[in-house]
Amino acid sequence: MKNAATKQDVPAPKHQSFFEDVWDVVRQVPPGRVTTFGAIAKYLGTKMSARMVGWALNAVHYVQPPVPAHRVVNRLGMLSGKAHFNPPSSMQEALEKEGLVIKDDIIQDFDKYFWDPSAELSL
DNA sequence: ATTCTGACCTATC
DNA sequence: TGATAGGCCAGAA
């Protein structure tokens, strides 16, 4: 299995791309709230698949300002990207610090803290 | 240039 | 009911 942050991973794109859109949306997520890959993908466009969102977050380590990727989880509210954090436990700690309750890598009352860009931003 | 993979989601068998 | 395949974009080998 290829380990993240092993070599260069994914360098930040020089030109404006779909990646920056994802980061921009994630940065708009208010503290104590979480969003999902699918929500972001849907907000950017139906043609966008959730995979790309996750891939965009892969380059977050090289982006500034920093993106609160810990607020982005999968549809189940599971900390899927936990393993990609530094350290992995920092994701859960960051969320707990914001008042969220996490158990077994799953956000409790996830739907209550769920922040949908399509609904909140409502463009 | 081609091939493969990746923090996912949805539909179908 | 669980498992499998497809879809989308970008970057590395």
Side-chain angles (χ1 to χ4, degrees):
Chain A
M1 180 190 295
K2 185 164 57 181
N3 208 347
T6 292
K7 298 189 294 183
Q8 301 177 341
D9 281 43
V10 183
K14 289 95 180 176
H15 305 287
Q16 180 128 21
S17 64
F18 142 76
F19 283 55
E20 294 194 350
D21 291 340
V22 176
W23 303 328
D24 190 41
V25 174
V26 176
R27 282 189 283 239
Q28 292 180 62
V29 178
R33 294 279 176 148
V34 288
T35 189
T36 65
F37 299 91
I40 297 173
K42 193 159 200 164
Y43 171 71
L44 296 178
T46 52
K47 291 182 176 292
M48 171 55 52
S49 60
R51 258 191 183 180
M52 276 59 272
V53 180
W55 191 244
L57 292 179
N58 229 339
V60 153
H61 298 272
Y62 299 89
V63 178
Q64 290 180 5
V67 179
H70 61 274
R71 295 180 191 148
V72 183
V73 295
N74 63 1
R75 194 189 172 307
L76 303 176
M78 174 175 60
L79 311 185
S80 51
K82 175 192 74 170
H84 292 254
F85 272 74
N86 169 49
S89 56
S90 67
M91 184 176 188
Q92 179 173 336
E93 293 179 2
L95 291 173
E96 290 179 339
K97 190 179 292 183
E98 294 184 355
L100 296 178
V101 180
I102 302 171
K103 180 179 182 179
D104 195 24
D105 294 342
I106 305 295
I107 298 178
Q108 304 304 301
D109 298 318
F110 167 69
D111 57 333
K112 186 167 69 174
Y113 297 106
F114 175 60
W115 183 85
D116 189 352
S118 299
E120 300 297 330
L121 298 181
S122 234
L123 292 182

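In what follows, chains are A, B, ... by sequence order, proteins preceding strands, each numbered from 1. Hydrogens, waters and symmetry mates are skipped; everything else that's a heavy atom, side chains included, is used.
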Which one of A:Val29, A:Asp116, A:Val53 satisfies the side chain to side chain contact (heavy atoms under 4.5 Å, CB included) criterion with A:Ile40?
A:Val53
Separation of A:Met52 atom CE from B:dC8 atom C1', in whole Å?
9 Å
Within this structure, what is the CG-CZ distance for the pair A:Leu44 and A:Phe18, rounded to the nearest 0.5 Å?
6.0 Å
Atom P, compared across B:dC8 and C:dT1: separation rounded to whole Å
24 Å
Nearest whole Å is fine: how far is C:dG7 P from A:Phe18 CZ?
18 Å
Rounded distance in Å - NZ (A:Lys42) to C1' (C:dG7):
15 Å
Between A:Val26 and A:Val60, is the side-chain contact (heavy atoms from CB on, under 4.5 Å) condition met? List the steps.
CA-CA 11 Å; A:Val26 176; A:Val60 153; over 6 Å; no
Ranking B:dA7, B:dG6, C:dG7 by distance to the side chain of A:Ser49, first place goes to C:dG7
Rounded to the nearest 0.5 Å, what separates atom CG in A:Leu57 from atom NE2 in A:His84?
10.5 Å
In whole angstrom, give me the gap between the C1' atoms of B:dC9 and C:dG11.
22 Å
Expressed in angstrom and rounded to an integer, what is the separation of A:His84 atom NE2 from B:dA7 atom P?
4 Å
Euclidean distance, atom CH2 of residue A:Trp55 to atom P of B:dA7 [Å, nearest integer]
8 Å
Polar-atom pairs under 3.5 Å, protein N or O versus N or O of nucleotides 9-13 of chain B: list them with distances, or write none.
unit_1	atom_1	unit_2	atom_2	d
B:dC9	OP1	A:Arg75	N	2.4
B:dT10	OP2	A:Arg75	NE	3.4

If I take atom CG in residue A:Asn58 and atom C1' in nucleotide C:dA12, what distance separates them, rounded to the nearest angstrom?
12 Å
So A:Val34 and A:Glu98, side-chain contact (heavy atoms from CB on, under 4.5 Å) or not? Walk me through it.
CA-CA 10 Å; A:Val34 288; A:Glu98 294 184 355; 6.0 Å; no
Could you list by number each residue of residues 97-115 of chain A showing a heavy-atom separation from DNA chain B of less than 4.0 Å, or answer none if no residue does?
none
Please state how far atom CH2 in A:Trp23 lies from atom P in C:dA10, giving the value in whole angstrom units.
12 Å
Which pairs would a plain distance check flag for residues 104-113 of chain A, meaning a side-chain donor or acceptor within less than 3.5 Å of a matching protein atom at least two apart in sequence or in another chain?
unit_1	atom_1	unit_2	atom_2	d
A:Asp105	OD2	A:Lys82	NZ	2.8
A:Gln108	NE2	A:Ile106	O	3.1

For A:Ala56, report the nucleic acid contact type (base, sugar-phosphate, nothing); a contact means any heavy atom under 4.0 Å.
nothing
Side chains of A:Gln28 and A:Trp115: closer than 4.5 Å at any heavy-atom pair?
yes
Please report, rounded to the nearest Å, how far the P atom of B:dC8 is from the CE atom of A:Met78.
7 Å
As an exercise, state the distance from CE of A:Met91 to OG of A:Ser80, rounded to the nearest 0.5 Å.
6.0 Å
Rounded at 0.5 Å granularity, tell me how far CD1 in A:Ile102 sits from CD in A:Glu93.
9.5 Å
